[in-house]
4 protein chains.
Amino acid sequence: MAVRAAVAGASGYAGGEVLRLLLAHPEVEIGALTGNSNAGQRLGALQPHLFPLADRVLQETTPEVLAGHDIVFLALPHGQSAAVAEQLGPDVLVVDMGADFRLKDAADWEAFYGSPHAGTWPYGLPELPGGRAALEGSKRIAVPGCYPTAVSLALFPAYEAGLVESEAVIVAASGTSGAGKAAKPHLLGSEVMGNMSPYGVGGGHRHTPEMIQNLSAAAGERVTVSFTPTLAPMPRGILATCSAKAKVGVTAESVRAAYEKAYADEPFVHLLPEGQWPATAAVYGSNAVQVQVAYDAAAGRVIVISAIDNLTKGTAGGAVQSMNIALGLDETTGLSTIGVAP
Amino acid sequence: MAVRAAVAGASGYAGGEVLRLLLAHPEVEIGALTGNSNAGQRLGALQPHLFPLADRVLQETTPEVLAGHDIVFLALPHGQSAAVAEQLGPDVLVVDMGADFRLKDAADWEAFYGSPHAGTWPYGLPELPGGRAALEGSKRIAVPGCYPTAVSLALFPAYEAGLVESEAVIVAASGTSGAGKAAKPHLLGSEVMGNMSPYGVGGGHRHTPEMIQNLSAAAGERVTVSFTPTLAPMPRGILATCSAKAKVGVTAESVRAAYEKAYADEPFVHLLPEGQWPATAAVYGSNAVQVQVAYDAAAGRVIVISAIDNLTKGTAGGAVQSMNIALGLDETTGLSTIGVAP
Amino acid sequence: MAVRAAVAGASGYAGGEVLRLLLAHPEVEIGALTGNSNAGQRLGALQPHLFPLADRVLQETTPEVLAGHDIVFLALPHGQSAAVAEQLGPDVLVVDMGADFRLKDAADWEAFYGSPHAGTWPYGLPELPGGRAALEGSKRIAVPGCYPTAVSLALFPAYEAGLVESEAVIVAASGTSGAGKAAKPHLLGSEVMGNMSPYGVGGGHRHTPEMIQNLSAAAGERVTVSFTPTLAPMPRGILATCSAKAKVGVTAESVRAAYEKAYADEPFVHLLPEGQWPATAAVYGSNAVQVQVAYDAAAGRVIVISAIDNLTKGTAGGAVQSMNIALGLDETTGLSTIGVAP
Amino acid sequence: MAVRAAVAGASGYAGGEVLRLLLAHPEVEIGALTGNSNAGQRLGALQPHLFPLADRVLQETTPEVLAGHDIVFLALPHGQSAAVAEQLGPDVLVVDMGADFRLKDAADWEAFYGSPHAGTWPYGLPELPGGRAALEGSKRIAVPGCYPTAVSLALFPAYEAGLVESEAVIVAASGTSGAGKAAKPHLLGSEVMGNMSPYGVGGGHRHTPEMIQNLSAAAGERVTVSFTPTLAPMPRGILATCSAKAKVGVTAESVRAAYEKAYADEPFVHLLPEGQWPATAAVYGSNAVQVQVAYDAAAGRVIVISAIDNLTKGTAGGAVQSMNIALGLDETTGLSTIGVAP
């Protein structure tokens with residue numbers, strides 16, 4: 001087997017990361033690379049770390065350029081995927097790393113993204129209950145947001161096992177690559193180094209309804225989410241600190257047991273041994289997820305912390321993992337659980 | 001007026017910061033500098049940024065060396081302040097930047113610090129209700145912990161105004177200087193750069209009872225605190241994300257009004273204009289505190305975020321501010337609200 | 001005495017830094033603040049660390065706005081200072097933090113900056129031979145470039161004392177604030193963190209002729225300079241590693257003696273004790289310069305290393321120091337040799 | 001084929017990196033892992049990024065533990081390799097990542113390392129003239145130092161082609177992992193973030209004689225090296241700025257031609273297109289080397305800049321590359337030229 005994949009939006013961070021992973025994937029051949037504002041440029045000038053592709057030239061994102069591929073990865077700004085996807089036939093596997101097809105509720109989409117809802121595709125988080133079944137053989141995949149990946153993997157086992165109340169409180173720190181490659185003053189190195197700051201506080205971040213969707217499904221009831229994202233002085237990584245009130249009768253042991261059960265057979269999610277805590281550096285560049293749990297008896301809360309690489313498991317690695325399932329490949333093909341550290 | 005101050009523990013980060021501030025203080029003359037393991041060394045080799053003191057030589061921390069000063073700052077490991085303080089007369093102003101005299105509840109002290117309780121001194125957080133009165137004319141000051149400073153200033157107005165329920169959830173990110181200057185592998189630059197990680201999760205951090213003490217006093221009832229500290233890849237700064245369930249009838253306006261009232265006349269605490277969020281870089285090296293509030297109607301929570309410099313307002317700046325009050329000086333003498341940025 | 005100063009270009013890094021220093025200057029009152037693209041905005045939104053000026057609103061850079069000040073600081077893009085300066089009367093002290101009036105040789109200016117030469121003003125590096133005399137009473141000051149400041153202070157004593165040959169080799173690392181606040185993709189935090197890279201290699205950097213001008217003057221002969229600047233993952237600071245072949249008879253002792261003599265009475269330049277090396281962190285936010293020398297007998301070279309804060313001594317601090325001299329104030333007024341560390 | 005490799009010193013940075021690479025090597029099976037002070041600990045606690053080896057337990061470094069392997073990697077402190085190597089039979093491939101067997105000149109060794117010279121092994125820098133031949137079939141490999149790798153690859157083509165004079169001037173910036181994992185105060189994150197500083201200035205760094213050895217061999221005459229290493233605020237990477245006086249008749253074209261010839265067929269060394277400069281971020285975690293050249297006519301110097309990952313190509317990647325040659329495998333087996341960026 002050898003499938004041929006195009007990447008639309010190859011000059012950005014998500015596009016670059018999916019190329020980094022596909023270069024190491026034994027079953028995928030890299031086809032067309034597109035990027036509208038950068039069309040005509042060598043990839044070596046835009047993504048100097050992808051040496052084997054340095055002499056590739058970016059093309060425009062047109063149906064003609066994307067034609068003839070088995071898979072098309074879309075790494076486009078929110079709202080642009082639907083128009084491109086429509087032009088791709090039903091036999092092409094389309095993997096959207098944007099937000100366009102993640103939300104089931106059209107009202108949520110419109111409230112948070114301000115444009116008409118394009119629909120819902122199978123959701124690329126295989127670890128969720130029923131997650132793999134939804135992806136097998138699918139020709140369309142909506143890759144989850146980076147924060148929802150970290151948060152859903154941290155909290156869904158607690159909700160699935162009925163351990164916690166329906167109000168979740170989440171504070172997450174993200175590396176700056178999560179904000180993309182478009183040059184904005186507040187993302188300059190001079191501004192972000194030595195600096196921690198929040199944004200989208202008070203419920204306004206677009207990933208909030210996606211978290212609610214995932215956690216509510218696991219809980220079987222509506223879960224509310226108080227989500228505060230913060231920008232951390234590092235290029236990659238998300239550390240999500242998640243908590244909810246423990247239900248009566250919950251113990252440290254019952255919490256741990258639920259997570260051991262949920263993640264016993266997961267190839268990428270590692271429930272750490274007791275006493276060890278997640279660290280974003282440990283999953284740098286890898287598709288691994290580190291998870292650890294605590295029960296704070298005095299505060300009556302279950303605290304779950306997860307660490308991912310926002311570009312790998314949080315975006316492009318999750319995309320490749322879901323692609324593997326859709327294609328019937330071993331889910332871990334071409335993906336690694338080994339971080340680059342220190 | 002010119003008072004003479006000694007600093008015990010001048011080779012560490014807290015000691016260095018208090019010296020940096022005292023060098024700019026018009027009413028204080030710097031006397032003896034001590035540091036046991038570094039006694040005999042030039043300060044220029046240990047604190048190369050303090051150029052005017054470069055040729056000073058550290059002495060041993062003995063009663064003889066500390067004698068003859070109007071003020072003694074203690075920047076010692078937890079548990080060592082009481083023995084030194086006992087040897088200083090009742091007329092000497094002793095400012096303890098360690099934890100020894102912060103907690104009122106002996107059982108809390110023993111549970112979290114594992115040694116006998118040494119007592120309680122006036123608490124050096126002037127912005128708390130009654131805070132200034134407790135410090136005026138005092139000869140003993142317990143400087144608050146860095147996290148309790150950031151968290152108490154974020155949340156006490158909400159509790160004092162009766163806006164929120166008694167369960168607070170706090171996630172804070174700290175720069176590495178908060179962990180001190182003792183060389184430990186997990187604090188190496190190679191380990192912390194590019195890395196976010198939590199520690200003391202689940203209620204175990206020693207600053208938790210201090211937060212509970214402050215917030216409970218403001219609330220007039222027992223407040224529980226779920227506190228998760230995280231280590232951020234920056235030398236200085238604390239960003240504290242604090243929230244609690246809003247009581248019935250609370251609105252965005254009532255929250256903002258409570259904070260405007262609480263901080264209208266505070267020289268160091270800045271409630272930011274709506275739309276602007278705290279950033280640790282903005283308070284780098286300054287005694288300022290940035291605070292912003294949000295009311296998340298969907299989640300039913302009040303979120304308050306504060307940013308401080310952990311070494312300045314969080315330790316040495318808070319110490320000098322309280323010293324000023326104790327001495328009857330203008331509270332802002334020698335302190336700045338101007339950060340060093342970018 | 002109280003002089004009134006305007007700052008043209010108050011929204012950028014140089015403008016922000018000069019405001020930070022002027023806020024601490026006892027003889028200067030801050031007048032108009034201008035910034036064309038940001039005119040109408042609150043300074044608090046653009047420079048959140050300058051809290052005392054938060055409510056000031058930026059105006060347009062017009063003669064009317066700048067009128068009525070004793071001093072005008074120009075923090076404008078290269079090539080824009082001359083037009084503004086012309087409109088300011090001869091009695092106004094104009095301090096240009098841009099490059100426009102630094103170079104004496106019109107051909108150099110035109111070759112490196114590509115526009116007509118506007119002239120030459122007294123050069124704001126008081127430590128150079130004859131430097132102070134040129135500034136006393138002057139109404140025009142050309143503030144040196146950040147790299148030329150670090151490099152000239154590192155090497156001029158060796159050239160003045162005739163210790164080294166006329167070919168200097170310089171490699172310097174700069175923090176990202178030296179590249180300014182305009183948003184460019186290669187200056188994004190995601191790009192610069194964890195990254196060292198050179199630019200302007202091979203003689204093309206615009207600061208090269210300025211270094212040659214300064215060192216040639218000290219040497220009394222034409223000095224050539226091989227200069228390689230590199231971008232370092234930090235917001236502030238320049239570390240300049242400078243070397244030249246030792247002349248016959250030079251010894252470690254004669255090198256040290258020359259620097260001890262040159263810097264014995266300088267308030268801001270610190271020749272470090274033997275065995276201690278400059279570090280940019282030690283001069284963070286201060287006007288100090290750290291210098292250290294070595295004689296490598298095996299390689300036959302004198303190596304001199306200097307560390308400055310590019311925004312302070314390298315730009316705005318040098319500007320204020322020169323302003324002090326021009327005004328007849330003590331040269332150190334409002335300036336500090338104390339860094340913010342760690 | 002499947003060979004079995006042990007790693008002595010598996011808890012440090014070099015040991016961790018060689019394990020990271022061997023985990024991706026299709027022909028190597030990982031055997032015993034040792035680490036004296038950490039013997040008995042789980043690798044997961046010491047190297048949390050190496051998830052597939054998390055449950056491995058470190059053993060003591062004894063002949064019994066190391067017996068029965070085809071390959072033994074030594075990642076030990078300088079001076080300890082000889083004693084361990086002696087106990088390993090002549091049929092075991094011993095790859096020493098320490099300095100013990102790099103220098104040919106016993107006097108150099110003793111002057112710089114202060115202990116008796118243990119001998120000289122085939123040198124693991126295949127790109128040097130004759131480099132591969134020396135490694136083929138060898139049972140002993142001395143892995144080069146990280147700085148000598150970066151510097152030799154930058155400069156040997158210029159010396160081999162007779163383009164430059166015999167005095168080289170080198171300034172290099174290294175990430176902190178080059179200083180190892182032993183906890184020392186000056187390597188704390190609080191100290192290194194935001195900081196550039198030099199060390200070993202004036203010819204004292206132990207890698208100097210190794211550079212001289214390599215460059216002199218290429219030049220066919222004694223080359224002197226003025227080498228200044230600096231510590232940069234990043235975990236990984238070396239950027240080496242190297243220059244020497246151009247010989248008469250040298251042009252930009254002749255310089256470029258020499259490098260194009262030298263690196264035309266090298267799988268890991270990339271001479272960048274004109275106008276693009278090396279960046280350590282582009283080779284993060286990869287075995288690639290970026291090289292660029294410039295001829296500064298005004299200064300009369302050839303400048304060559306290289307970027308490597310100090311732990312990969314600079315240590316463990318170079319070790320695996322050399323191992324591949326010694327074993328008769330394709331040289332690139334298990335190694336990547338793809339960096340992890342941003």
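The sequence lines fix the lettering, A, B, ..., with proteins before strands; numbering per chain opens at 1.
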Which one of [options] has the most heavy-atom pairs closer than 4.5 Å to chain D?
options	answer
C/Gln292, C/Arg236, C/Lys245	C/Lys245
C/Ala232, C/Pro198, C/Ala173, C/Gly204	C/Pro198
C/Thr241, C/Val302, C/Thr224	C/Thr241
C/Leu231, C/Ile305, C/Val169, C/Val201	C/Val201

remark   = Interatomic distance, CZ@D/Arg222 vs CD@D/Gln213, rounded to 0.5 Å, equals 10.0 Å
request  = Hey, could you give me the OH/CZ distance between D/Tyr113 and D/Arg102, rounded to the nearest 0.5 Å?
outcome  = 5.5 Å
query = Closest approach of D/Pro229 and D/His205, non-hydrogen atoms and distance?
reply = CG-CD2, 3.6 Å
Give the ring-plane orientation class for [X] versus [Y], where under 30° counts as parallel, over 60° as perpendicular and anything between as tilted.
X	Y	value
C/Tyr147	C/Tyr199	tilted
C/His117	C/Trp109	tilted
C/Phe156	C/Tyr263	perpendicular

Using non-hydrogen atoms and a 4.5 Å limit, figure out which bit of [X] sits close to chain D: side chain, backbone, both or neither.
X	result
C/Ser226	both
C/Thr208	neither
C/Ala298	backbone
C/Val225	backbone
C/Ala281	both
C/Thr280	both

Which one wins on heavy-atom pair count under 4.5 Å against chain C: [options]?
options	result
D/Gly194, D/Gly237, D/Ala168, D/Ser190	D/Gly194
D/Pro233, D/Ala299, D/Gly300	D/Pro233
D/Ala252, D/Ala294, D/Ala282, D/Pro278	D/Pro278
D/Pro342, D/Pro235, D/Gly175, D/Gly202	D/Gly202

inquiry  = Under 4.0 Å between a side-chain nitrogen and a carboxylate oxygen: does that hold for C/Arg256 and C/Glu253?
reply    = no
query = Got a salt bridge between D/Arg301 and C/Glu167, using NZ or NE/NH1/NH2 to carboxylate O under 4.0 Å?
reply =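 Answer for the salt bridge query: no.
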message = Tell me whether the count of non-hydrogen atoms from other residues, nucleotides or ligands lying under 6.0 Å of NZ in D/Lys181 goes above 12.
response = yes
